[in-house]
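Both counts, for ligands and for their atoms, begin at 1 and track the order of listing.
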Amino acid sequence: MVDPVLKWAGGKRQLLPEITARFPVAYDRYHEPFFGGGAVFFHLEPDSGSINDVNERLVTFYEVVRDDPETLIAENRTHEHSDDYYYDARDEFNDLRTVEGKTDEQAVREASLLLYLNRTGFNGLYRENSDGEFNVPVGRYANPDWVQADRIRAASEALAGATIHSDDFEYVADEATAGDLVYFDPPYQPVSTTADFTDYHAEGFDRDDQRRLRDLAATLGENGVHVVLSNSPPVAELYEDLPAFDVEVVEATRAINSDGDERGEVAEVLITNVPPDERRRTTLSEF
Ligand SMILES: C[S@@+](CC[C@H](N)C(=O)[O-])C[C@H]1O[C@@H](n2cnc3c(N)ncnc32)[C@H](O)[C@@H]1O
C-alpha cells in the first residue's frame, strides 16, 4: 500500500473500501484511465497494467516518478518557500508547457515544479485557464513538504509495471483484454451548479463524454473485461439499460476539497459488471 504523491480533487482515499470491495477476486492486468492522484492504483500496487490521464503535465510527472525518482527528489530539494518563488515557479511551469520535445532535464524540472505547486498552491488544486495555463494562487502552509522522497520512491516501484498514456480514456479499448480490470473515475457530473467538480482541466467533461464512457464500458464488458466505475448520482440513469451492470449508491464522509478541511456526506454511485459472487469483498483489516 503506497500513499499518493499528489493531492488531487476527487481523490478516492475515503471510498477505497467500497471501491475495492467490488473488484473481482482475480484479474489479469489493471487499468486506470482517469488517473489523477491514483489513490486506488497506489493502494493496489498492481503488477502490470496501464494508467492514463488527459492532463499531459500530470502524465509527465508520473513518467519521471517511475523512471528517474532520485533525480526528481534532488530537484525537489532546490525549491524555496516564499510567495515570490511560488509565482516564479508557476511562470516557469507554464513556459515549459509550450516546449516541444522536452529534454530529460526539462521533464524532471516540469515534474518537480508540478509537485512544488501542488504542495504549496491554494488547496492543492489543479486548475488551468482557457489558454491552458496553470493559474492557482499561492496557499498558506506553515511547513509544506514538496520533497516527498519516501512517497516518490515507493510510487516509482509501484509504477514499474505500468504503461503510461496521455490520451483520451478510450485508449483503454486497445489496452484491455478479457480477464483484465478497468477502474474508471471520470470527472464528476456536478449534482448542483455550485459543486463544479468537472473543473480539473481546461477541457471539460460533459454529458456526451459520460455517454461515450458508458458505451465503452458496455463494449469492454462484452469483451470479458471487468469494469468498475465511480461517479455522482446523475450518471446512474445512463446505465439503466445495461442489465450486466449493477448501480449502487454509497454514502461517504469525505473531503469535499483536496485538502480535507471541508468534509461532508457525499453520495457516490458505484457501477460494475463484476457479479456479486465474484467480488473480493474487502476486509477492513486491509485499511
Ligand atoms: C476524478 S479525477 C480522478 C481522481 C483519482 N481517482 C484520484 O484518486 O485522485 C478525474 C481525472 O480525469 C482526467 N480527465 C478528464 N477528462 C479526461 C478524458 N477525456 N480522458 C482521460 N482523462 C480525463 C482529469 O485530468 C482528472 O485527473
Participant: Is it true that the side chains of Asn76 and Ser112 contain a donor and an acceptor less than 3.5 Å apart?
Facilitator: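 Yes, a side-chain donor-acceptor pair sits under 3.5 Å.
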Participant: Of all residues at least two apart in sequence or in a different chain, which pass the salt bridge (Lys or Arg N to Asp or Glu O under 4.0 Å) check with Arg57?
Facilitator: Glu128
Participant: List ligand 1 atoms under 4.0 Å from Gly11, heavy atoms only on the residue side.
Facilitator: 7 (C), 8 (O), 9 (O)
Participant: Relative to each other, are the rings of Tyr30 and Tyr27 parallel, tilted or perpendicular (30° and 60° limits)?
Facilitator: tilted
Participant: Would the distance check show the side chain of Asn118 and the main-chain N or O of Lys7 forming a donor-acceptor pair, the cut-off being under 3.5 Å?
Facilitator: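 Side chain of Asn118 to backbone of Lys7, a donor-acceptor pair under 3.5 Å: yes, one is there.
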Participant: Quick one: which ligand 1 atoms are inside 4.0 Å of a heavy atom on Gly36?
Facilitator: 9 (O), 27 (O)
Participant: Does any N/O atom on Trp8 come nearer than 3.5 Å to any N/O atom on ligand 1?
Facilitator: yes
Participant: Between Asn52 and ligand 1, find which residue part has any heavy-atom pair under 4.0 Å and reply side chain, backbone, both or neither.
Facilitator: side chain
Participant: Any heavy atom of Tyr126 closer to ligand 1 than 4.0 angstrom?
Facilitator: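 In this structure, Tyr126 fails to qualify as a contact of ligand 1 - no heavy atom is under 4.0 Å.
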Participant: Taking atom CG of Asp104 and atom CZ of Arg109, what is their separation to the nearest 0.5 Å?
Facilitator: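 Asp104 CG to Arg109 CZ: 15.5 Å, rounded to 0.5 Å.
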Participant: Is there a side-chain contact between Gln106 and Glu110, using heavy atoms and a 4.5 Å cut-off?
Facilitator: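 With C-beta onward as the side chain, the pair stays apart.
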Participant: Quick one: which ligand 1 atoms are inside 4.0 Å of a heavy atom on Pro33?
Facilitator: 21 (C), 22 (N)
Participant: Taking the side chain as every heavy atom from C-beta outward, state whether Val40 and His43 have any pair of such atoms under 4.5 Å apart.
Facilitator: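 They are not in contact (no side-chain heavy atoms under 4.5 Å apart), so the answer is no.
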Participant: Does ligand 1 come near enough to Asp168 that some N or O of the ligand is less than 3.5 Å from an N or O of the residue?
Facilitator: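 Between Asp168 and ligand 1 (N or O atoms, distance only) the closest approach is under 3.5 Å.
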Participant: Can you find an N/O atom of Tyr183 closer than 3.5 Å to an N/O atom of ligand 1?
Facilitator: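 Min N/O separation from ligand 1 is not below 3.5 Å for Tyr183.
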Participant: Does one side chain, of Tyr85 or Thr120, offer a donor that lies under 3.5 Å from an acceptor on the other?
Facilitator: no
Participant: Taking 4.0 angstrom as the limit and counting only heavy atoms of Gly10, give me the atoms of ligand 1 inside it, by number and element.
Facilitator: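 Ligand 1 atoms under the 4.0 Å threshold to Gly10: 4 (C).
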Participant: For Leu58 and ligand 1, does the shortest N/O to N/O distance drop below 3.5 Å?
Facilitator: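 No; the residue has no nitrogen or oxygen that sits under 3.5 Å from a nitrogen or oxygen of the ligand.
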Participant: Should Val225 and His31 count as side-chain neighbours, where that means a heavy-atom distance under 4.5 Å?
Facilitator: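 No, every pair of side-chain atoms sits at 4.5 Å or beyond.
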Participant: Is there any N or O on Pro186 that sits under 3.5 Å from an N or O of ligand 1?
Facilitator: no
Participant: Would you mind listing which atoms of ligand 1 come within a distance below 4.0 Å of any non-hydrogen atom of Gly38?
Facilitator: 7 (C), 8 (O), 9 (O)
Participant: Would a 4.5 Å heavy-atom cut-off, applied to side chains only, mark Ile19 and Asp185 as touching?
Facilitator: no
Participant: Is Phe205 touching ligand 1 with its side chain, its backbone, both, or neither, if touching means heavy atoms under 4.0 Å apart?
Facilitator: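 The answer is the side chain.
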Participant: For Pro4, which part has a heavy atom under 4.0 Å from ligand 1: side chain, backbone, both, or neither?
Facilitator: neither
Participant: Would you say Asp209 touches ligand 1, if touching means a heavy atom closer than 4.0 Å?
Facilitator: no
Participant: For residues 211-244, pull every pair meeting ring pair (Phe, Tyr, Trp, His ring centres under 6.0 Å), keeping only residues two or more places apart or in separate chains.
Facilitator: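 Output for this query is empty, none listed.
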Participant: Among Asp167, Asp53, Val172, which one puts a heavy atom closest to atom 27 (O) of ligand 1?
Facilitator: Asp53
Participant: Please classify the Phe35 to ligand 1 contact at 4.0 Å (heavy-atom distances, strictly less than): side chain, backbone, both or neither.
Facilitator: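 Backbone only; the side chain of Phe35 stays clear of ligand 1.
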